[in-house]
Amino acid sequence: MSEPEPLRAVIARHDLAASKALGQNFILDRQLLARIAAVPGDLAGRTVYEVGPGPGGLTRALLDAGARVVAVERDRRCIAPLAELEAEFTGRLKVIEGDALEVDERSVAGEGAHVVANLPYNVGTALLLRWLGGEAWPPWWASLTLMFQREVVERIVAAPGSDHYGRLAVAAGWRSRARIAMLVHRSAFVPPPKVMSAVVHIVPEDAPDGVRHATIERLTAAAFGQRRKMLRQSLKELPGALDALTVEGIDPARRAETLGVADYVRVARRLDAT
Ligand code: SAM
């Protein structure tokens, strides 16, 4: 098999100067891209939903790993290089030009797809919260492999008591398991961003019985909305919350960051039962 054209040459040939507005920081190192594509595990014959393929470096790594890829890219300039990949990997890549925030992933990628994305911060966290949300569980995706700035990944995997622990950690932890798969130095990107990045890998687990996602959301929004205050204060506007704390034996003088994910689940279940 001949070596693929260097990504730097693909970018030059298609005149893809990175757009700051679209949060474009491209990874050109094929070995690093192959390592990211390996995070979800064996992809042979599996569908991957990729968001923000850009010039297609990660896309090719996913195709080389044997995946069928459905990719959504907002930047029209990237459609031409992606069309070349579509032609090379006949029938295994489908590119959708559009905003990932407006795509119905379940219908374009199907049940059981692995999600892989290297996205700008704003779009990435919005999508992550959407994928972790909803009342239906298990979700349509089999795993999420997402590149973020490192600080965001630390918030996703944070343990109680740490400065990073908050709504995102509870959202990611109450019915799924999140781990840092790798750290990626800023110099790996063109152009290099100001901060370090990391890849988080998330897999769904069984959802606890008798707890609604909407309730976990309301509870953690109130608790962490005033994270320096005692729960007695931060939860006082949430009907039933202080009673639920008492019944569960949680001291209302504690602060939000001291409660574990299982504590939030217990309080939410109590709220849903009343
Ligand atoms: N996957 C490539 C890589 O790893 O080198 C590019 C990553 S770059 C950080 C982010 C990509 O997401 C860009 O190609 C950008 O155009 C695209 N993008 C930004 N916002 C998007 C959105 N709302 N929907 C789809 N793609 C988006």
Side-chain angles (χ1 to χ4, degrees), residues 4-40 43 48-65 67 69-86 93-105 108-109 113-131 144-153 181-201:
E5 183 183 10
L7 275 160
R8 204 175 281 282
V10 175
I11 288 169
R13 193 158 52 77
H14 291 279
D15 205 11
L16 297 179
S19 146
K20 211 171 180 174
L22 284 170
Q24 290 180 338
N25 304 94
F26 301 130
I27 301 180
L28 309 187
D29 177 345
R30 299 232 186 245
Q31 277 183 8
L32 173 59
L33 291 164
R35 280 175 52 219
I36 298 169
V39 169
L43 289 178
V48 169
Y49 178 64
E50 187 192 1
V51 183
L58 184 55
T59 318
R60 179 185 284 277
L62 294 162
L63 291 162
D64 283 341
V69 180
V70 177
V72 180
E73 173 56 60
R74 192 173 178 179
D75 184 354
R76 172 157 300 170
R77 299 174 309 155
C78 296
I79 300 304
L82 293 168
E84 292 174 4
L85 272 183
E86 266 176 318
L93 171 62
K94 179 172 189 240
V95 177
I96 299 169
E97 183 186 340
D99 182 346
L101 292 168
E102 283 163 18
V103 170
D104 175 2
E105 309 93 344
V108 298
H114 291 279
V115 176
V116 179
N118 171 15
L119 270 178
Y121 166 73
N122 285 340
V123 185
T125 38
L127 286 172
L128 172 66
L129 288 172
R130 180 159 104 196
W131 293 331
L144 306 175
T145 298
L146 307 174
M147 171 95 73
F148 284 110
Q149 57 193 84
R150 182 175 176 170
E151 192 252 327
V152 175
V153 168
M182 66 173 85
L183 302 177
V184 183
H185 196 270
R186 51 189 287 279
S187 63
F189 299 86
V190 176
K194 288 201 180 70
V195 292
M196 297 295 183
S197 295
V199 175
V200 66
H201 183 234

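Order of appearance sets the numbers: ligands from 1, and atoms from 1 within every ligand.
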Quiz item: Is the closest side-chain donor-acceptor distance between H14 and E84 under 3.5 Å?
Solution: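 H14 vs E84: donor-acceptor pair found between side chains.
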Quiz item: With V103, which residues qualify under side-chain contact (heavy atoms from CB on, under 4.5 Å), at least two apart?
Solution: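 Expected list: Y49, V72, V108.
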Quiz item: What residues, two or more places apart in sequence or in another chain, satisfy salt bridge (charged side-chain N to carboxylate O under 4.0 Å, His left out) together with R130?
Solution: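 Once residues adjacent in sequence are excluded, the partners of R130 under the salt bridge (charged side-chain N to carboxylate O under 4.0 Å, His left out) criterion are E105.
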Practice problem: Keeping the roles fixed (side chain from N25, backbone from V190), state whether a donor-acceptor pair exists under 3.5 Å. | Solution: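 No; judged by distance alone, with no hydrogens or angles, the pair does not exist.
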Quiz item: With distance as the sole test, does R150 use its side chain to make a donor-acceptor pair with the main-chain N or O of A198 at under 3.5 Å?
Solution: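 A pair under 3.5 Å: no.
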Practice problem: Just jot down the side chain to side chain donor-acceptor pair (under 3.5 Å) partners of Q149, sequence neighbours excluded, or say none. | Solution: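 Result, side chain to side chain donor-acceptor pair (under 3.5 Å) vs Q149: none returned.
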Practice problem: With a 4.0 angstrom cut-off on heavy atoms, strictly below it, pick out the residues next to ligand 1 and order them by chain and number. | Solution: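 Residues within 4.0 Å of ligand 1: L22, G23, Q24, N25, F26, I27, E50, G52, P53, G54, V72, E73, R74, D75, G98, D99, A100, N118, L119, P120, V123.
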